[in-house]
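Below is one structure; the comments refer to it alone.
The basis for the numbers below is simple: all heavy atoms, side chains too, and nothing from hydrogens, waters or symmetry mates. Numbering of residues begins at 1 and proceeds along the displayed sequence.
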Amino acid sequence: MLYRGVMQTMTRSAARRTAIAATGLDRPRPATVTARHLRSVFATMGVTQIDSVARVIRSHYLPFFSRLGPYQRATLDRLLYSSPRMGVEYWAHAAAFVPPETWKHFSRSRAEWWRVDYGQRHPETGEAFRNLQSSVLAALAEGPKSARDVSEVVDHDLPERHRGHWGWNPSQVKVALEALFAGGIISAAGRNDHFERIYALTRDVSAELPEIPLSYGTGARPRLGLDPDASLPRGVSGVENNVLDLTRIAARALGIARPEDLADYFRQLRAPTDEAITELLATGELREVEVDGVPALRWHRARTPRQVRARALLAPFDPLVFFRPRIEWLFDFHYRIEIYTPAAQRVHGYYVTPFLLGDRLVGRVDLQRDRSAQTLRAHRVSWETGEEHTDQLLIELREMAEWLGLTAVEIEGTHLPLS
């Protein structure tokens with residue numbers, strides 16, 4: 001059992017306020033956003049998920065706007081893509097930016113990249129794929145490159161394979177790069193205008209990232225990952241992720257959470273997360289609470305404001321909402337983004353953004369940035385309790401539209417110029 005002794009009790013309202021404060025959404029927005037503010041938000045969240053969907057703007061920009069209001073996106077780009085980097089890319093919570101120190105906590109994930117067969121152990125073409133990886137590394141030694149750039153300087157005879165990636169079938173060069181990226185052998189120096197990764201050797205990305213040699217197994221069994229008959233369970237390398245520190249970061253960022261919420265923040269397994277929770281309970285960093293009868297865990301320094309004046313449209317990948325079971329528990333809010341839902345089955349729209357007001361998720365907004373019309377469109381607005389908050393939503397829409405360089409907003413067909 002994780003829970004021992006007498007628990008403190010909290011209402012769900014108090015738990016929501018704790019969660020909102022922990023993720024930084026309760027704070028007044030500054031009049032002028034500086035690099036220091038952006039760094040503070042990133043440190044508070046601990047992770048920023050990346051997604052290629054640009055219905056409004058690339059998703060990693062939105063959590064910073066939700067907490068700070070209008071800011072210079074070029075400043076965030078500089079912090080993420082220029083030395084010394086605030087964050088680096090890795091598979092932390094799906095594709096995400098994390099601080100370089102957090103990147104180091106995924107030791108097992110990197111050490112065991114070869115558990116997945118990217119092509120390195122194919123009985124007929126495995127050797128050619130491994131040679132391709134070596135060629136890719138030689139190309140990147142000359143400087144950062146996109147997959148397209150690498151393809152222009154690396155030759156191979158590998159047949160392209162249909163991989164069933166939602167109609168997207170990456171080239172063998174791209175697959176080789178992604179395998180090296182998963183292994184931490186290379187990293188991402190940035191993104192180009194097509195939002196494609198610019199791959200680079202880790203030394204060319206951050207001095208804080210260690211150089212990891214290309215390996216297909218363990219020290220004792222260097223070809224283990226090439227054996228098609230070998231058992232390759234998680235942990236086969238003998239290397240472990242630093243789940244204790246990952247859980248600590250998650251607990252601080254969430255404020256109030258259940259064990260499954262903590263495990264999901266960095267996509268870790270429950271068993272090692274439960275072990276970390278037990279240790280954090282012993283140190284007093286986590287405290288047991290009961291939220292309207294549900295056992296939960298509270299970060300020892302988490303604040304519970306008497307009230308919060310939050311107002312924000314949240315990206316579907318915002319840390320407050322990216323684990324859907326948690327917001328259903330805390331906010332009684334069932335949420336799907338719906339971009340992967342067939343059009344005829346969509347309930348609330350295509351790119352559905354929750355609207356946070358005070359300590360409640362009060363509505364859903366199907367949001368689109370229409371560049372040709374210079375308009376931020378709220379195609380459909382669905383209020384959660386029947387009470388409408390259109391005036392507050394309009395304030396948020398206008399502020400976002402101005403930040404995006406647009407000239408008007410539109411709410412369910414009603415066109416409203418900004419000036």
Side-chain angles (χ1 to χ4, degrees), residues 15-27 29 37-51 53 56-69 71 76 79-80 86-99 101-103 105-106 243 245-268 273 286 296-299 301-303 305 308 310-331 333 335-337 351-357 359-361 364:
R16 287 195 299 271
R17 284 180 271 123
T18 304
I20 292 166
T23 197
L25 281 161
D26 69 315
R27 300 167 190 170
R29 293 174 174 177
H37 292 112
L38 293 167
R39 287 184 179 278
S40 177
V41 166
F42 188 62
T44 296
M45 297 187 299
V47 63
T48 303
Q49 188 173 339
I50 304 168
D51 191 85
V53 176
V56 177
I57 196 171
R58 301 295 181 188
S59 64
H60 65 280
Y61 291 112
L62 285 171
F64 294 89
F65 175 84
S66 297
R67 288 154 179 79
L68 297 171
Y71 68 93
L76 182 59
L79 293 172
L80 292 172
M86 176 177 75
V88 294
E89 288 195 35
Y90 195 61
W91 294 105
H93 180 100
F97 290 106
V98 291
E101 185 60 36
T102 302
W103 183 95
H105 296 333
F106 293 90
V243 181
D245 276 344
L246 291 174
T247 305
R248 181 179 280 120
I249 296 167
R252 182 175 63 242
L254 292 173
I256 188 82
R258 301 163 304 174
E260 56 265 40
D261 306 328
L262 295 172
D264 178 79
Y265 206 73
F266 289 111
R267 298 289 170 85
Q268 299 301 293
T273 301
L286 278 177
L297 300 153
R298 178 178 179 175
W299 181 245
R301 291 181 178 173
R303 296 182 297 111
V308 292
R311 187 195 69 233
L313 285 163
L314 301 175
F317 312 104
D318 189 286
L320 183 66
V321 300
F322 60 32
F323 189 48
R324 313 307 193 213
R326 181 170 182 257
I327 61 168
E328 192 157 355
W329 162 54
L330 277 180
F331 291 88
F333 190 86
Y335 173 51
R336 289 192 304 185
I337 181 175
Y351 191 78
V352 181
T353 56
F355 184 40
L356 176 69
L357 191 62
D359 71 347
R360 299 301 303 266
L361 293 171
R364 299 167 173 82

Flag side-chain contact, heavy atom, 4.5 Å: Phe333 against Val321 = no
Nearest atoms (heavy-atom pairs only) where Val41 meets Arg67 | CG1-CD, 3.6 Å
Take Asp264 and Arg258, measure what side chain to side chain contact (heavy atoms under 4.5 Å, CB included) needs, and give me the verdict at the end.
-> CA-CA 10 Å; Asp264 178 79; Arg258 301 163 304 174; over 6 Å; no
Over-ring placement of Arg326 relative to Tyr265, 6.0 Å and 45° cut-offs | no
Quick one: CG on Leu320 to CG on Leu361, what's the gap to the nearest 0.5 Å?
-> 6.5 Å
Compute both the distance and the angle, then confirm whether Arg29 meets the cation-pi test with Phe65: under 6.0 Å from the six-membered ring centre, within 45 degrees of the axis.
-> yes
Taking the side chain from Thr44 and the backbone from Thr23, do they hold a donor-acceptor pair closer than 3.5 Å?
-> no
Can you see which heavy atom on Pro259 is nearest to which on Thr273, and at what distance?
-> O-CG2, 4.1 Å
Rounded to the nearest 0.5 Å, what's the gap from CZ on Arg39 to CG on Leu76? Could you check?
-> 10.5 Å
Where do Trp329 and Asp261 land on the side chain to side chain contact (heavy atoms under 4.5 Å, CB included) test, with the steps shown first?
-> CA-CA 10 Å; Trp329 162 54; Asp261 306 328; 3.7 Å; yes
Residue pair Ile50, Phe97: steps toward the side chain to side chain contact (heavy atoms under 4.5 Å, CB included) verdict | CA-CA 7 Å; Ile50 304 168; Phe97 290 106; 3.5 Å; yes
Kindly compute the distance separating CG (Leu314) from CZ (Phe322), expressed to the nearest 0.5 Å.
-> 12.0 Å
Under 4.5 Å between any side-chain heavy atoms of Phe317 and Pro63, yes or no?
-> no
Closest non-hydrogen atoms of Leu330 and Ala19, given as atom of the first, atom of the second and distance, are CD1-CB, 3.9 Å
Could you pull out the closest heavy-atom pair between Arg324 and Pro316, with the gap in Å?
-> NH1-O, 2.8 Å
What are the two closest non-hydrogen atoms of Leu25 and Ser66, and how far apart are they?
-> CD2-O, 3.5 Å
Taking the six-membered ring for Trp, are the ring centroids of Tyr71 and His37 within less than 6.0 Å of each other?
-> no
Side-chain donor or acceptor of Thr18 paired with backbone N/O of Ile256 under 3.5 Å = no
Atom of Asp359, atom of Phe331 and distance for their closest heavy-atom approach | O-CE2, 3.5 Å
Answer yes or no: is there a side-chain heavy-atom contact under 4.5 Å between Leu313 and Val56?
-> no
Ignoring hydrogens and angles, tell me if any N or O in the side chain of Arg364 forms a donor-acceptor pair with the backbone of Val352 under 3.5 Å.
-> no
What's the verdict on side chain to side chain contact (heavy atoms under 4.5 Å, CB included) for Val47 and Thr102, showing C-alpha distance, side-chain angles and the deciding distance?
-> CA-CA 9 Å; Val47 63; Thr102 302; over 6 Å; no
Rounded to the nearest 0.5 Å, what separation is found between the CZ atom of Phe42 and the OG atom of Ser40?
-> 12.0 Å
What is the distance from atom CD of Gln49 to atom NE2 of His93, rounded to the nearest 0.5 Å?
-> 4.5 Å
When rounded to the nearest 0.5 angstrom, what distance separates CZ in Arg248 from CG in Asp245?
-> 5.0 Å
Parallel, tilted or perpendicular for Tyr90 and Phe106, by the 30°/60° rule?
-> tilted
Side-chain touch Leu62/Asp318, heavy atoms, less than 4.5 angstrom = no
Is the backbone of Pro99 close enough, under 3.5 Å, to the side chain of Glu101 for a donor and an acceptor to pair up by distance?
-> no
Quick one: does Arg267's side chain get under 4.5 Å of Leu246's, heavy atoms only?
-> no
